[in-house]
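Take a look at the structure set out below.
Side chains are part of it too, since the values below use all heavy atoms of this structure and drop only hydrogens, waters and symmetry mates. So you know, we letter chains A, B, ... as the sequences are listed, proteins then strands, and number each from 1.
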There are 2 protein chains.
Amino acid sequence: MRPLFHPALEDIRPEAILYALSDPERAAIFAWLSGAGCGGTCSALGQLGERVIPKSSLSNHFKVLRESGLILSERQGVEMRNQTRCAELDERFPGLIKAILTAYGQLPEQPKAD
Amino acid sequence: MRPLFHPALEDIRPEAILYALSDPERAAIFAWLSGAGCGGTCSALGQLGERVIPKSSLSNHFKVLRESGLILSERQGVEMRNQTRCAELDERFPGLIKAILTAYGQLPEQPKAD
DNA sequence: TCCGTAGTTCAGAAATTCGGAACTGTTGAT
DNA sequence: ATCAACAGTTCCGAATTTCTGAACTACGGA
C-alpha cells in the first residue's frame with residue numbers, strides 16, 4: 001500500500017475542495033467527521049441515507065477528501081482514523097468550510113451512522 | 001432553441017453550486033460576472049488565462065452556471081446577457097458565494113477579459 | 001432576401017467515475 | 001510460526017460524463 005498523500009496547507013486548492021464536497025455522499029461523510037469528534041473510520045460510518053456505499057467507493061471517497069486537503073488520515077492498527085483539517089482550512093480559506101456545511105445542513109437529509 | 005431553464009431559488013442545491021464552481025474556468029467566468037456589473041456576454045469574455053475556450057465549451061459553462069442557479073441569462077437581441085444571482089443566493093446560502101470567491105481570489109490567477 | 005454575428009446543439013472521442021473481485025497489511029488466536 | 005478475520009486499498013472493465021469541432025438556429029441590419 002502506498003503511503004498516504006496529504007497536501008501541505010499552502011498547496012490546497014479551492015477547486016479541489018469544491019469538487020470533493022460537490023458529491024453529496026462525500027459531503028455527508030465530511031459533515032459526519034466534523035461532527036464526530038473522534039477519528040471516524042470507514043467501517044464506523046455504516047450507512048449514509050438509503051444506500052449502502054460499496055467499500056471500494058468509500059475508500060475512494062476518503063482518498064478524494066484526503067488529497068483535496070479536507071481530511072487527515074492516519075493508520076491506527078488495523079483501521080484508518082480520519083479527522084478534518086477544519087482549523088487549518090479556515091485559516092487558509094476563511095468561512096468557506098462553515099458556509100458549505102451550513103448550506104448542506106439546510107437540506108432535510110442528515111448523515112446517520114449505524 | 002429550447003427556452004432557458006432557471007431553477008427557482010428554493011430548488012437550488014448546494015452540490016450543484018459547488019460542482020459548477022469546482023471548475024476553475026467556470027469559477028473565473030462567474031467571478032468576472034460578479035465584478036462586471038453589466039450583463040456579461042460570451043463574446044465579451046474573450047480569454048481567461050492562457051487558453052482560448054472553444055465557444056461550444058463556453059456555451060456549456062454558461063449552461064452549467066445557469067442550471068445550478070448561479071446566474072440568470074436573458075436573450076437581448078442577438079446576444080445573451082448574463083448576471084449573477086448573488087443577492088438571492090446569499091439569502092439561501094449565507095456567506096457561501098463570497099467565501100468561494102474569496103478562496104479563489106487568493107490565488108495568483110485572475111480572470112482577464114480582452 | 002441575404003449576410004454576419006451570437007450562441008446552441010449534435011455526435012463521437014477522450015477522460016472520469018463506479019464498484020465487484022482480488023489483494024495488502026495488521027491483529028489476535030492457536 | 002501459521003492461520004483466520006478484519007479494515008481498507010488496488011485493479012480493471014463497464015457505464016457515465018466531459019470536451020469540442022462542425023453543423024445548426026436565431027436575430028438584426030443592409
_How many whole angstroms separate atom CZ of A:Phe62 from atom C1' of D:dT10?_
17 Å
*Could you work out which one of D:dT20, D:dT18, C:dA6 sits closest to the side chain of B:Pro54?*
D:dT20
_Any A:Ser59 side-chain nitrogen or oxygen under 4.0 Å from OP1 or OP2 of D:dG8_ = no
_Please confirm whether the shortest side-chain N or O distance from B:Arg51 to OP1 or OP2 of D:dT20 is below 4.0 Å._
yes
*Below 4.0 angstrom, N of the basic side chain to O of the carboxylate: do A:Arg51 and A:Glu25 qualify?*
yes
*Short side-chain N/O contact to C:dG19 OP1/OP2 from A:Ser57, under 4.0 Å*: yes
*What integer distance in Å separates B:Glu79:CD from C:dT5:P?*
13 Å
*Taking only residues two or more places apart in sequence, or in another chain, which ones meet A:Ser57 in a side-chain contact (heavy atoms from CB on, under 4.5 Å)?*
A:Ile53, A:Pro54
*Report yes if a donor N or O on one partner sits less than 3.5 Å from an acceptor N or O on the other, where the partners are the side chain of B:Ser56 and the base of D:dG21; otherwise report no.*
yes
*Between D:dC27, C:dA22, C:dT26, which nucleotide has the shortest distance from any of its atoms to the side chain of A:Lys55?*
C:dA22
*Specify the separation, in whole Å, of atom CZ of A:Arg75 and atom P of D:dT9.*
8 Å
*For the residue pair B:Ser68 and B:Pro7, what are the closest heavy atoms and their distance?*
C-CG, 4.1 Å
*asked:* The criterion is side-chain contact (heavy atoms from CB on, under 4.5 Å); which residues satisfy it with A:Leu72, sequence neighbours excluded?
replied: A:His6, A:Gln83, A:Arg85
*Within this structure, what is the CG-to-P distance between B:Leu4 and C:dA6, rounded to whole angstrom?*
18 Å
_Atom-to-atom span, CZ of A:Arg26 to C1' of C:dT16 - whole angstrom_ = 12 Å
*Can you tell me if A:Arg81 uses its side chain to pair, donor with acceptor, with the backbone of A:Arg75 under 3.5 Å?*
no
*Take atom CG of B:Leu58 and atom P of D:dC19, then tell me their distance rounded to the nearest Å.*
12 Å
*asked:* Distance check needed: D:dT10 P versus A:Asn60 CG, whole Å only.
replied: 10 Å
_Residue met sooner reading DNA chain C from 5', once A:Val78 and A:Glu25 are mapped to nucleotides_ = A:Glu25
_Between C1' of D:dT10 and CZ of A:Arg66, the distance in whole Å_ = 13 Å
